[in-house]
Amino acid sequence: MKKPISYDHLKLEKKWQSTWKKSGIYKTTEGSKKPKSYILDMFPYPSGSGLHVGHPKGYIATDVLARFKRMSGFNVLHPMGWDAFGLPAEEFALKNKIHPSIAVKKNVKRYKEQLSVLGFCYDWDREVNTTDPEYYKWTQWAFLQMHKKGLTFESHEPINWCPSCKTGLANEDLDNGKCERCGSIVEKKPIRQWVIRITDYADRLLKDIDALNWPNSIKESQKNWIGRSEGSELTFKIKDSKEEISVFTTRPDTIFGVTYVVLAPESHLVEKLKPQIKNWDKVQSFIKDVSKKTQIERTAEGKEKTGVHLNGVFAINPANNEEVPVWIADYVLADYGTGAVMAVPAHDERDFMFAKKYNLPIVSVIGSEHVSDEKSYTGGGTLINSGKFNGKDSESILSEITKFCGGKTVVRYKLRDWVFSRQRYWGEPIPLVHCAKCGVVPVPEKELPLKLPNVKFYEPTGTGESPLAAITKWVNTKCPNCKGNAKRETNTMPQWAGSCWYYLRYMDPKNKKMLVDPKKEKYWSPVDVYVGGTEHATRHLIYARFWHKFLYDIGVVSQSEPFTQLRNQGLIMGPDGQKMSKRFGNVVNPDDIVKLYGADTLRVYEMFMGPFDQAISWSTDNMIGSRRFIERVWRLKNKVVKKAELKKETESLFHKTIKKVGEDIQEFSHNTAVSSMMILLNALEAEENVDKDTYEKLLLLLAPFTPHIADELWSQLGHKKSIHIEKWPLFDEAKLVNDSFKITIQINGKFRGVLETNNPEEAFVLKAIMEKVEIQKHLEGKEIVKQIYVKNRLVNFVVKG
RNA sequence: GCGCGGGUGGCGAAAUUGGUAGACGCACUACCUUGAGGUGGUAGCGCCCUUACGGGCGUGGAAGUUCGAGUCUUCUCUCGCGCACCA
């Protein structure tokens, strides 16, 4: 590799980093009268393997923005911290036989070093760490507030269990039936757990999405995840029984087409119907079979649905009092809707396949022509076979039929309540106490933080009990209520808990009395720009919104949404086009790149590579262009004189560039911001001389992107103060327009030439064009049917012949 | 299956929002510079025909709207992502 010639980036960058540290220019001030700008990265999970070159992409973009905003007169909050509880840290610790608390400290140190060489302008005084008791005290506090409000409950229902991670998981932690973290196939297992009623917030989480300035894809993902559907709850009485089956349907209009009713195999109703069920043995063995299957097996067997008829049980259709058979089948989910469906095989694909398989009747109630022997019809139309509703339009009759059947209109969500307990060591202890006399009693707030006991052995047990359960000294406690003997809750919180509110802690990191001072919260909230990866679309970003809304409801925060604007960085792939990962051996370490070309070059390159939100392969070879750019800025200094007159076009270009760079930074269009600076540089290089003022402004434009070299050249020009506390340059509106125009000449839409003029009058322009020889050539012997003149821009002659 | 986002030179990509497609950068070619080099500079660089002048074609494909389409409309192919038996 070639050695840099113009400047020694290693020495220079180190020098400026320590200068900034000493002068403290990046410290955020409180009580400022300036407008605020809160620019935030999703804080990293400090894993053992350190940063690769893809991680800083988002950090660079926010750093550029933060620097730009600071120069533009904003009071900027741009902090960094660590999301350090959870499985990865614990697994790393187990593997390397060091305690997670030590491993986290080590990893944080390494991350911090790696970040520090990139020249970010974080205010490290506000650093937070979710594993710090002074931090998780407030995570626990928030949980207790939820508990108080009845937003938590203890459940023994079967949940997702990862046999390899040995813990229960939330719905959000699954990826196609597999553990999102380790890829193991998840089982259903009944274990005692704490659950948060996030579904109580489903409607608000959904409604408020529209107003957010977020990428469309993330908004759609969340909408999809929350999965609202409007429908009806209808009740089917059971013949000769006081039990009844309540079903949820979005198609009450098809009720006359019901030919059977299906319960989920897990339904508690099945047990209650036992006396009536004549084939109980068969039913029971089916239920057992299904329960043994994992979610993957249940869905992978594909669309092949299985079920068993509950012999002797009949449900009564509320619409026509018809008796229909009752089945249990694996295609009905226990935890959605009511866990039971009315089956209308004529107008539902799944019911149709099931009916075909088990020879159940298919009754068409919409149009007569739609349903065939091969296919159901799921659209709308005119009702038939539907008693007094015959002839009506199916889509406009939903609520009328619901009423007719004695049902009610309801809204259902796909979102499930948040399984909040983990049977693992490395997480926030859930601050509850179990007392034989008083039941579940919260740990008094003044006793928070409830510290995670520091122990030697913390391997997961796999029994459904947390390893904390074995620490008798910690578990055995007194009931805060009756002072009798009691036991602590031993489950810990999921990894996502700590990241639900950290952005609030940055506002007020040292507050011991409350989660956040309302005055500070009011000033800094909400986060103006939040940047991170798309992988958080339906996990962190839903949990955090929920958590925030809860805090809003109890008056802790002043806004109902935490993140006004969200931006996702695209992945940087390995040079081989695969995802950068140790597994593929294609990891590029930023430390090596900094050594080779310097942080400034890395920053420019990552911003210049392509659109911010797009995935692009890394190429160390391509970086040379960014390095050359910086070198040429350095060398341009040789042309700087006190006073010099720039060409008119160069001057105009200069003002356009100031405008564009500022706009592009805010729109995360960094690649075009960099390219416009390159264009400007090309023009300045073509000048005889460049005046000092112009050169200084160029440095100001560069400062957010290349903070080290900008400050170096700035100081070489004789400035005593850092360039980073200077004002962003202003552009002159009047200089944006050129005084001559290049007018495109087209004939029949084809480009035939250019007219350069400073007189935009139509008559003049047309005349001047007609005088051009190369144009006359094309018009000769032809009739001009029409001429279009777009002022200052284009002329098009439509000709015939 | 449903939802979202893409397809532009050898490569990463731009395109004043309907007005000269390929800016900027990488790679490549030629020449100059340097004692030497993955240095610096100048010029060239979408494809095809032409020594040249010049011309034709060209933004996944087909059609449409328009004086004019990468941009708008319809259909279609294809790639990526998210959700997925959600009744």
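Lettering of chains follows the sequences in order, A, B, ..., and the numbering in each one begins at 1. Because the structure is predicted, anything quoted here is derived from the model rather than measured.
Against the 90° criterion about 0, the sugar-base torsion of B:rU17 places it in the syn range. Its glycosidic angle being within 90° of 0, B:rG9 falls on the syn side.
Each of A:Met342 and A:Ile788 lies near RNA chain B, and the nucleotide nearest A:Ile788 is the one positioned closer to the 5' end. Looking at which nucleotide of RNA chain B each of A:Arg752 and A:Phe797 is closest to, the 5′-most match is held by A:Arg752.
Nearest heavy atom pair, residue A:Ser676 against residue A:Lys660, reads CB-CD, 4.0 Å.
Rounded to the nearest Å, the gap between the P atom of B:rU74 and that of B:rG5 is 14 Å. On the C1' atoms, B:rG9 is 11 Å away from B:rG58, given to the nearest whole Å. With P as the reference atom, B:rU20 and B:rG70 are 10 Å apart, rounded to whole Å. B:rC31 and B:rG68 are spaced 47 Å apart, taking the P atom of each and rounding to whole Å. Comparing the P positions of B:rC24 and B:rU16 gives an interatomic distance of 16 Å, to the nearest angstrom. Taking atom C1' on both B:rA43 and B:rC48, the two are 24 Å apart, rounded to the nearest angstrom. Comparing the C1' positions of B:rA14 and B:rG7 gives an interatomic distance of 16 Å, to the nearest angstrom. Between the P atoms of B:rG18 and B:rU73, the separation comes to 11 Å (whole Å).
If you take CD of A:Glu685 and C1' of B:rU42, they are 13 Å apart, rounded to a whole angstrom. The NZ-C1' distance, from A:Lys579 to B:rC81, rounds to 12 Å in whole Å. Distance, A:Met609 CE to B:rA14 P: 13 Å, rounded to whole Å. In this entry the distance linking CZ of A:Phe352 with C1' of B:rG1 reads 17 Å, nearest Å. Here the C1' atom of nucleotide B:rG19 and the CZ atom of A:Arg793 are 7 Å apart, to the nearest Å. Atoms CG (A:Asn638) and C1' (B:rG41) sit 15 Å apart, rounded to a whole Å. Atom CG of A:Asp335 is separated from atom C1' of B:rA84 by 14 Å (rounded to the nearest Å). For A:Asn792 and B:rU16, the CG to C1' distance is 13 Å, given to the nearest whole Å.
For the pair A:Ile245/A:Val326, a side-chain contact is recorded, criterion being any heavy-atom separation below 4.5 Å from C-beta on. Residues A:Trp327 and A:Phe354 are in side-chain contact: their nearest non-hydrogen atoms beyond the backbone lie under 4.5 Å apart.
Sorted pairs that involve residues 743-754 of chain A and meet salt bridge (Lys or Arg N to Asp or Glu O under 4.0 Å), not counting sequence neighbours, are lacking altogether. Applying the salt bridge (Lys or Arg N to Asp or Glu O under 4.0 Å) test to residues at least two apart or on different chains, none of the pairs has a partner in residues 531-544 of chain A. For the side-chain hydrogen bond (donor to acceptor under 3.5 Å, both in side chains) condition, the pairs that include at least one residue of residues 677-687 of chain A, sequence neighbours left out, are A:Arg632-A:Asn682, A:Arg632-A:Glu685, A:Thr650-A:Glu687.
With no hydrogens or angles considered, no side-chain donor-acceptor pair links A:Thr254 and A:Tyr377 at under 3.5 Å.
Residue A:Val332 is in base contact, counting any heavy-atom pair closer than 4.0 Å across all strands shown. Counting non-hydrogen atoms under 4.0 angstrom, A:Thr249 reaches the backbone sugars and phosphates but no base. Looking at heavy-atom distances under 4.0 Å, A:Arg416 makes contact with a base. Residue contacts for A:Ser617: at a heavy-atom cut-off of 4.0 Å it reaches no nucleic acid atom on any strand shown. Residue A:Pro611 is classed as a sugar-phosphate contact, given heavy-atom separations below 4.0 Å to backbone atoms only. Within the 4.0 angstrom heavy-atom criterion, only backbone atoms of the sugar-phosphate kind lie near A:Val798; the bases stay farther away. Within the nucleic acid shown, A:Leu333 comes within 4.0 Å of at least one base atom, counting heavy atoms only.
A:Lys219 places a side-chain N or O within donor-acceptor distance of the main-chain N or O of A:Leu212, the cut-off being under 3.5 Å.
Partners of A:Glu220 by salt bridge (charged side-chain N to carboxylate O under 4.0 Å, His left out), not counting sequence neighbours, listed by chain and number: A:Lys223.
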Practice problem: Apply the test salt bridge (Lys or Arg N to Asp or Glu O under 4.0 Å) to residues A:Glu230 and A:Arg228: give CA-CA distance (whole Å), side-chain angles for both, the deciding distance (0.1 Å), then the verdict. | Solution: CA-CA 7 Å; A:Glu230 277 175 29; A:Arg228 179 191 153 97; 2.5 Å; yes
Exercise. Please lay out, stage by stage, how A:His347 and A:Ser376 fare under the test side chain to side chain contact (heavy atoms under 4.5 Å, CB included).
Key: CA-CA 5 Å; A:His347 304 293; A:Ser376 61; 5.9 Å; no
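When each of B:rA87, B:rC83, B:rG19 is scored by its nearest atom to the side-chain atoms of A:Val790, the top-ranked nucleotide is B:rG19. Across B:rU20, B:rA87, B:rG41, the shortest atom-to-atom separation from the side chain of A:Thr744 is found for B:rU20. When distances run from any side-chain atom of A:Trp225 to the nucleotides B:rC85, B:rA84, B:rG12, the shortest one goes to B:rA84. When the nucleotides B:rC85, B:rC83, B:rU20 are ranked by their closest atom to the side chain of A:Lys742, B:rU20 comes out on top.
Pair assignment for B:rA13 gives none, since no Watson-Crick or G-U wobble pairing has each distance under 3.5 Å. Base pairing analysis places B:rG38 opposite nothing; no Watson-Crick or G-U wobble pair with both distances below 3.5 Å involves it. For B:rC28, the paired base is B:rG44 (Watson-Crick or G-U wobble, both distances below 3.5 Å). Summarising the base pairing, B:rC75 is matched to B:rG61 through a Watson-Crick or G-U wobble pair whose two defining distances lie under 3.5 Å. B:rG19 and B:rC67 make up a base pair, with Watson-Crick or G-U wobble contacts both under 3.5 Å. In this structure, B:rG82 and B:rC2 make a Watson-Crick or G-U wobble pair, each of the two defining distances being under 3.5 angstrom. Base pairing of B:rU51: no nucleotide in any strand meets the Watson-Crick or G-U wobble criterion (both distances under 3.5 Å).
Stacking of A:Lys656 on the aromatic ring of A:Phe731 is not recorded, the 6.0 Å distance cut-off and the 45° axial limit not both being met.
Between A:Arg416 and A:Asp335 there is a salt bridge, since at least one side-chain N of the basic residue sits less than 4.0 Å from a carboxylate O of the acidic one.
Within the structure, every side-chain polar atom (N or O) of A:Lys750 is placed at least 4.0 Å from both OP1 and OP2 of B:rG19. An OP1 or OP2 oxygen of B:rA87 is reached within less than 4.0 angstrom by a side-chain nitrogen or oxygen of A:Tyr336.
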Self-check item: Protein-to-nucleotide contact annotation, 5' to 3' order, nucleotides 21-34 of chain B [B base; S sugar-phosphate only; - none; under 4.0 Å, heavy atom]
Solution: --BBSSS-------
Exercise. Take nucleotides 2-10 of chain B nucleotide by nucleotide from the 5' end and write B, S or -, depending on whether a protein heavy atom sits under 4.0 Å from the base, only from the sugar-phosphate, or from neither.
Key: -SSS-----
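For B:rC67, its base never sits under 3.5 Å from the side chain of A:Lys786 at any donor and acceptor pair.
Residue A:Tyr605 is tested with A:Phe705, A:Trp618, A:Phe629 for a ring pair (Phe, Tyr, Trp, His ring centres under 6.0 Å); the sole match is A:Trp618.
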